Amino acid sequence: MAIPSSPPLPGRLIGYARVSTDDQGTTPQRDELRAAGCHDILEEHASGADRTRPVLARLLRDIRRGETLVVVRLDRLARSVSHLLAVIDQLEAAGAHFRSLRDPIDTTTPQGMFSLQVLGAVAQLERSLIAERTKAGLRAARARGRIGGNPGLRARDPDAIRKLRARRDASHLDAVLAELDSWLPTVRRMRPHQPWGDVVRVLNRASGQNHHRPWTVERLRRTVRRLAAEGIVDDILLTRAPPQRGDDRLIRLVAGIKASAPDATLQNIATQLEAMHERTPRGGTRWHPSSVQNLLTRAKRSGLLMITPAERLTETSA
């Protein structure tokens, strides 16, 4: 008896092939993905445990509604159930789908969604069991007279508190420096001309929230203040943003979005502005690419964005 084929997947199929080292090849994965109908295949050399993979982050940022991310096996995408579910949640938020060729996961089918729900239930059960075992261990330790934690902190010893704060500060600074290139250029472009709230919204939308927890105004301001104290950035970034007319603010906001994601299309930026609940210059809620183009043109004339040689040639010819 012939095995019924799975229903056709909607939209474009985007393949993702990953190997851990440069010595390994992606050819077997590419062959399977191409046979499955993937015309676009992105490759990455990175550990599966690394959640900051740039190729995957760019794919998740750019994937469009109706498109499907396809992998050969689940472990090519994620090494933990929690990471897998987080990626699929991001795809669903974009209106996209996910399929693994060798696993029963296909979010375009009822059976695939059921398998995904089972995975989610297993992950939740695992978290509950770990929490319960931790609580049981703490109760047993207390029954034997053992109290966890730092004795100096329990006694409110100033020296112990000072050492803990120093360790936390050093750890925080190391983490900030490790990711500096992913967010500081945007801050430098937008501050102090734009309010902190606008900067935070651009950063959170541009990053996809893949490499760190979402920024907040207070955390970003505190981090920049720390970098200024270390001499890494100029104190001017911390000055108060000047009052702005509506158009000026939108021009700077769109310029910040474009500078943070140079490959973003006019429609991408329009969609992002709607997601940020920004009003158009005329007060509407629906953004059109033409409105975005107008703001980008004004941003370039104001020197907020670089004019490409092709655009400069066009202006000269005109």
Side-chain angles (χ1 to χ4, degrees), residues 2-48 50-79 83-116 119 205-211 257-258 260-272 275 289 292-293 308 310:
I3 299 175
S5 59
S6 57
L9 298 173
R12 185 170 63 123
L13 303 184
I14 305 172
Y16 176 74
R18 182 192 63 78
V19 290
S20 298
T21 67
D22 292 334
D23 297 333
Q24 298 172 308
T26 59
T27 301
Q29 294 180 59
R30 290 180 62 87
D31 290 344
E32 286 193 52
L33 292 169
R34 195 172 288 109
C38 299
H39 298 293
D40 297 314
I41 300 175
L42 303 180
E43 300 181 29
E44 187 150 51
H45 291 77
S47 168
D50 183 4
R51 297 196 179 195
T52 62
R53 286 171 263 161
V55 175
L56 178 60
R58 187 168 62 252
L59 190 159
L60 294 175
R61 183 193 68 198
D62 296 339
I63 197 165
R64 299 176 181 176
R65 179 174 297 277
E67 295 179 336
T68 301
L69 168 59
V70 184
V71 297
V72 172
R73 298 189 309 273
L74 290 178
D75 66 351
R76 297 302 87 197
L77 182 68
R79 286 287 181 84
H83 186 203
L84 173 64
L85 295 177
V87 170
I88 294 177
D89 283 344
Q90 192 169 347
L91 290 171
E92 289 183 344
H97 310 287
F98 172 72
R99 179 188 179 192
S100 174
L101 299 180
R102 298 192 188 178
D103 304 286
I105 304 295
D106 181 349
T107 61
T108 65
T109 68
Q111 297 87 347
M113 286 301 297
F114 174 75
S115 298
L116 185 61
L119 273 180
R205 295 294 301 184
S207 69
Q209 301 177 13
N210 286 310
H211 62 285
I257 294 173
K258 182 63 176 177
S260 300
D263 296 333
T265 65
L266 296 176
Q267 185 58 57
N268 292 152
I269 298 175
T271 301
Q272 182 168 334
V292 176
Q293 180 63 70
T308 65

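Model, not experiment: these values are computed from the prediction.
- With Ser100 as the partner, the side-chain contact (heavy atoms from CB on, under 4.5 Å) test is satisfied by one option alone out of Val71, Val70, Leu84, Leu77: Val71.
- Partners of Arg65 under the side-chain contact (heavy atoms from CB on, under 4.5 Å) rule, at least two apart in sequence or in another chain, do not exist in this structure.
- Counting heavy atoms from C-beta outward, Arg73 and Asp103 have side chains that approach closer than 4.5 Å.
- The side-chain hydrogen bond (donor to acceptor under 3.5 Å, both in side chains) search around Asp40 returns Arg12, not counting sequence neighbours.
- Atoms CD and CG, from Glu67 and Leu59 in turn, are 9.0 Å apart once rounded to the nearest 0.5 Å.
- Residues Glu92 and His97 are not in side-chain contact: their nearest non-hydrogen atoms beyond the backbone lie 4.5 Å or more apart.
- The OG1 atom of Thr26 sits 11.0 Å away from atom OH of Tyr16, with the distance rounded to the nearest 0.5 Å.
- In terms of modelled atom types and a separation under 3.5 Å, the side chain of Arg18 and the main chain of Arg76 share a donor-acceptor contact.
- For the 3.5 Å distance criterion, the side chains of Asn268 and Thr265 qualify, holding a donor opposite an acceptor.
- Evaluation of the side-chain contact (heavy atoms from CB on, under 4.5 Å) rule for Ala46 yields Glu44, Arg53 as partners, not counting sequence neighbours.
- Listed by chain and residue number, Asp31 satisfy the side-chain contact (heavy atoms from CB on, under 4.5 Å) test with Thr27 (two or more places apart in sequence, or in another chain).
- For Thr107, there are no side-chain hydrogen bond (donor to acceptor under 3.5 Å, both in side chains) partners, not counting sequence neighbours.
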Evaluation steps, side-chain contact (heavy atoms from CB on, under 4.5 Å), between Glu43 and Gln29 | CA-CA 10 Å; Glu43 300 181 29; Gln29 294 180 59; over 6 Å; no
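- Asp89 CG to Phe98 CZ: the interatomic distance, rounded to the nearest 0.5 Å, is 12.5 Å.
- Among residues two or more places apart in sequence or in another chain, the side-chain contact (heavy atoms from CB on, under 4.5 Å) test is passed with Ala94 by Ile63.
- A distance of 10.0 Å separates CG of Leu33 from CG of Leu42, quoted to the nearest 0.5 Å.
- Enclosure of atom CZ in Arg64 is not indicated, since only 12 or fewer non-hydrogen atoms of other residues, nucleotides or ligands lie within 6.0 angstrom.
- Between the CZ atom of Arg99 and the SG atom of Cys38 there is a distance of 8.0 Å, given to the nearest 0.5 Å.
- At distances below 3.5 Å, at least one donor-acceptor pair connects side-chain atoms of Asp106 with backbone N or O atoms of Thr108.
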Should Ile41 and Arg34 be marked as a side-chain contact (heavy atoms from CB on, under 4.5 Å) after you check the CA-CA gap, both sets of side-chain angles, and the distance that decides it?
-> CA-CA 8 Å; Ile41 300 175; Arg34 195 172 288 109; 4.2 Å; yes
side-chain contact (heavy atoms from CB on, under 4.5 Å) between Leu91 and Leu60, intermediate numbers included = CA-CA 7 Å; Leu91 290 171; Leu60 294 175; 3.6 Å; yes
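- Atom CD1 of Ile88 and atom CG of Leu69 lie 9.0 Å apart (nearest 0.5 Å).
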